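First the structure, in the form of structure tokens, and then the observations on it.
Please read these numbers as outputs of a predicted model, since none were measured by experiment.
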Number of protein chains: 2
Amino acid sequence: MLSKKTKYAINALVFIAKNKDEQPISVSRISEEQNISLKFLESILTELKNARILNSTKGKYGGYSLNAPPDEINMAKIMRLFDGAIALLPCVTYEFYERCEECVDEENCGIRQIAMEIRNETVKRLKAATLTDIVKREKI
Amino acid sequence: MLSKKTKYAINALVFIAKNKDEQPISVSRISEEQNISLKFLESILTELKNARILNSTKGKYGGYSLNAPPDEINMAKIMRLFDGAIALLPCVTYEFYERCEECVDEENCGIRQIAMEIRNETVKRLKAATLTDIVKREKI
DNA sequence: TTTATATCCTACTAAATTGGTAGGATTAAT
DNA sequence: ATTAATCCTACCAATTTAGTAGGATATAAA
């Protein structure tokens with residue numbers, strides 16, 4: 001399951017991407033329209049800014065705007081930022097690799113092979129899920 | 001990520017499946033050979049017994065044995081038992097459906113569509129990952 | 001019948017994670 | 001000067017995770 005942080009982050013990013021011409025957009029605006037707690041969302045957007053996914057403008061009429069083209073921001077990146085590894089097992093992630101402590105034979109582990117196949121498929125789809133893609137899906 | 005409970009459960013089941021002719025197998029034997037804390041594993045096998053996935057035999061030379069053919073026990077079932085929903089969002093699970101509180105338009109949600117596609121693919125693979133399949137993968 | 005070795009059952013717990021909240025400082029447009 | 005934003009620090013309650021402790025009960029074999 002995605003954490004609420006990740007879900008809220010993606011929702012906020014999609015909202016900003018959709019309102020391309022009104023950027024920057026304030027936290028309070030996103031909070032109201034997306035039903036997300038103001039203060040919690042504030043901390044999420046700060047993390048996105050620190051990760052250089054968003055830009056911020058201070059002061060009146062300030063807010064947040066995308067710091068990259070919407071087809072370069074995808075769900076995999078956001079999930080990794082807030083929730084860490086995407087895979088089912090720590091021993092099949094590239095970015096957060098860790099051996100399973102109890103593991104007897106990693107190379108020959110059947111569960112690991114399955115987890116690896118699922119990770120490959122999942123990451124492929126999450127990388128394809130860019131803001132552009134999500135906005136397109138919702139334009140029906 | 002799988003919880004340790006789920007991981008230990010699958011490891012234990014695979015171990016029991018592999019030692020088909022020595023059943024029943026005691027918790028202490030599995031605990032030693034799979035590097036899993038005895039008492040914790042005990043509680044896990046109890047849950048598997050309550051879910052009718054394992055059988056137990058009390059007393060000396062007692063232990064646990066499979067309560068179904070190994071090709072009918074798969075990773076999806078074990079994950080759902082210990083970790084609950086498999087999908088990335090509560091709004092795309094069959095068994096544990098819940099609306100996202102903050103959701104504005106579930107039908108038209110792009111993130112949901114992606115989560116649904118990933119769930120379909122993932123569940124398909126987890127259901128194919130039976131004990132028989134896992135044991136076969138490790139017999140190289 | 002005693003002993004060894006199993007499961008069964010109840011209760012407890014420390015640490016980490018999750019999903020927030022509170023309050024004020026700073027910055028910038030009008 | 002006022003208004004409306006972000007920025008920054010600190011705190012917190014509830015839940016989940018990953019166990020541990022200790023004894024009751026059942027059964028095979030000596």
Side-chain angles (χ1 to χ4, degrees), chain A residues 1-12 16 22-32 34-65 67 79 81-85 90 96 98 100-102, chain B residues 1-12 16 22-32 34-65 67 79 81-85 88-90 96 98 100-102:
Chain A
M1 282 277 181
L2 300 187
S3 68
K4 295 211 166 185
K5 255 187 175 176
T6 296
K7 225 198 309 178
Y8 293 168
I10 300 170
N11 277 322
I16 296 173
E22 308 175 36
Q23 292 184 28
I25 299 182
S26 71
V27 181
S28 55
R29 170 92 190 283
I30 304 172
S31 158
E32 279 162 27
Q34 297 290 303
N35 303 319
I36 304 170
S37 143
L38 178 72
K39 278 299 203 176
F40 193 36
L41 183 59
E42 204 182 306
S43 71
I44 292 166
L45 297 194
T46 299
E47 276 193 75
L48 287 169
K49 198 208 73 179
N50 292 337
R52 311 203 174 266
I53 292 164
L54 286 179
N55 258 325
S56 70
T57 320
K58 284 190 185 178
K60 201 172 177 181
Y61 301 112
Y64 291 91
S65 51
N67 193 34
M79 282 179 62
L81 179 62
F82 291 102
D83 290 349
F96 304 91
E98 248 176 280
C100 294
E101 311 155 64
E102 79 281 6
Chain B
M1 281 279 180
L2 299 188
S3 67
K4 294 211 166 186
K5 254 189 175 174
T6 297
K7 225 198 308 179
Y8 292 167
I10 299 170
N11 276 323
I16 296 172
E22 308 174 36
Q23 292 185 27
I25 299 182
S26 71
V27 181
S28 56
R29 170 94 189 282
I30 303 171
S31 159
E32 279 161 28
Q34 297 290 302
N35 304 320
I36 303 170
S37 143
L38 177 73
K39 279 297 200 177
F40 193 37
L41 183 59
E42 204 183 306
S43 71
I44 291 166
L45 297 193
T46 300
E47 275 193 76
L48 287 169
K49 197 209 74 181
N50 292 338
R52 311 204 173 268
I53 292 163
L54 286 179
N55 259 324
S56 71
T57 320
K58 284 188 187 179
K60 201 172 176 179
Y61 301 111
Y64 291 91
S65 50
N67 193 35
M79 281 180 62
L81 179 62
F82 291 102
D83 290 350
L88 294 176
L89 296 176
F96 303 92
E98 248 176 280
C100 293
E101 312 155 63
E102 79 280 6

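- A pairwise comparison of heavy atoms in F96(B) and G84(B) identifies CE1-C, 3.6 Å as the closest pair.
- Minimum heavy-atom separation, P24(B) to G62(B): CG-C, 4.0 Å.
- We find that CG of L41(B) is positioned 13 Å from P of dC8(C), with the value rounded to whole Å.
- With sequence neighbours excluded, no residue satisfies side-chain hydrogen bond (donor to acceptor under 3.5 Å, both in side chains) with E32(B).
- Rounded to whole Å, the distance from CD1 on I36(B) to C1' on dG19(D) is 13 Å.
- Around OH of Y61(A), the count of heavy atoms belonging to other residues, nucleotides or ligands within 6.0 Å does not exceed 12.
- K7(A) contributes atom NZ, which lies 12.0 Å from atom CD of Q34(A) (distance to the nearest 0.5 angstrom).
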Worksheet entry | side-chain contact (heavy atoms from CB on, under 4.5 Å) evaluation trace for N67(B) with L48(B) | CA-CA 10 Å; N67(B) 193 35; L48(B) 287 169; over 6 Å; no
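- Scanning residues 43-57 of chain B for heavy-atom distances under 4.0 Å to DNA chain C yields K49(B), S56(B), T57(B).
- Formation of a donor-acceptor pair under 3.5 Å by the S31(A) side chain with backbone atoms of S37(A) is not found in this model.
- To the nearest 0.5 Å, atom CG of residue L2(B) and atom SG of residue C100(A) are 8.5 Å apart.
- Minimum heavy-atom separation, I25(A) to E22(A): CG1-O, 3.9 Å.
- The distance from the CD1 atom of I53(B) to the CG atom of L45(B) is 11.0 Å, given to the nearest 0.5 Å.
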Could you list all N or O pairs between the protein and nucleotides 22-27 of chain C that sit under 3.5 Å apart?
residue	atom	partner	partner atom	Å
dG23(C)	O6	K39(A)	NZ	2.3

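- The shortest non-hydrogen separation linking Y64(B) to S56(B) is CE2-CB, 3.6 Å.
- Formation of a donor-acceptor pair under 3.5 Å by the N35(A) side chain with backbone atoms of E101(B) is not found in this model.
- At the phosphate of dT20(D), OP1 or OP2 sits under 4.0 Å from a side-chain N or O atom of S37(B).
- Smallest separation of non-hydrogen atoms from M1(B) and D83(B): O-OD2, 4.4 Å.
- One interatomic measurement links the two molecules: OH of Y61(B) to C1' of dT3(C), which rounds to 12 Å at whole-angstrom precision.
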Pairs under 3.5 angstrom, nitrogen or oxygen only, protein versus nucleotides 10-14 of chain D, please.
none

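- In plain terms, the two heavy atoms of S65(A) and I16(A) that are nearest each other are CA-CG2, 4.3 Å.
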For nucleotides 11-13 of chain C, print each protein N/O atom paired with a nucleotide N/O atom at under 3.5 Å, atom names and distance only.
none

Taking N or O atoms only and anything under 3.5 Å, show me the protein contacts with nucleotides 15-18 of chain D, one pair per line.
residue	atom	partner	partner atom	Å
dA18(D)	OP2	K4(B)	N	3.2

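- To the nearest angstrom, P of dT18(C) lies 16 Å from CD of E102(B).
- Comparing V27(B) and L38(A) against DNA chain C, the residue whose closest nucleotide sits nearer the 5' end is V27(B).
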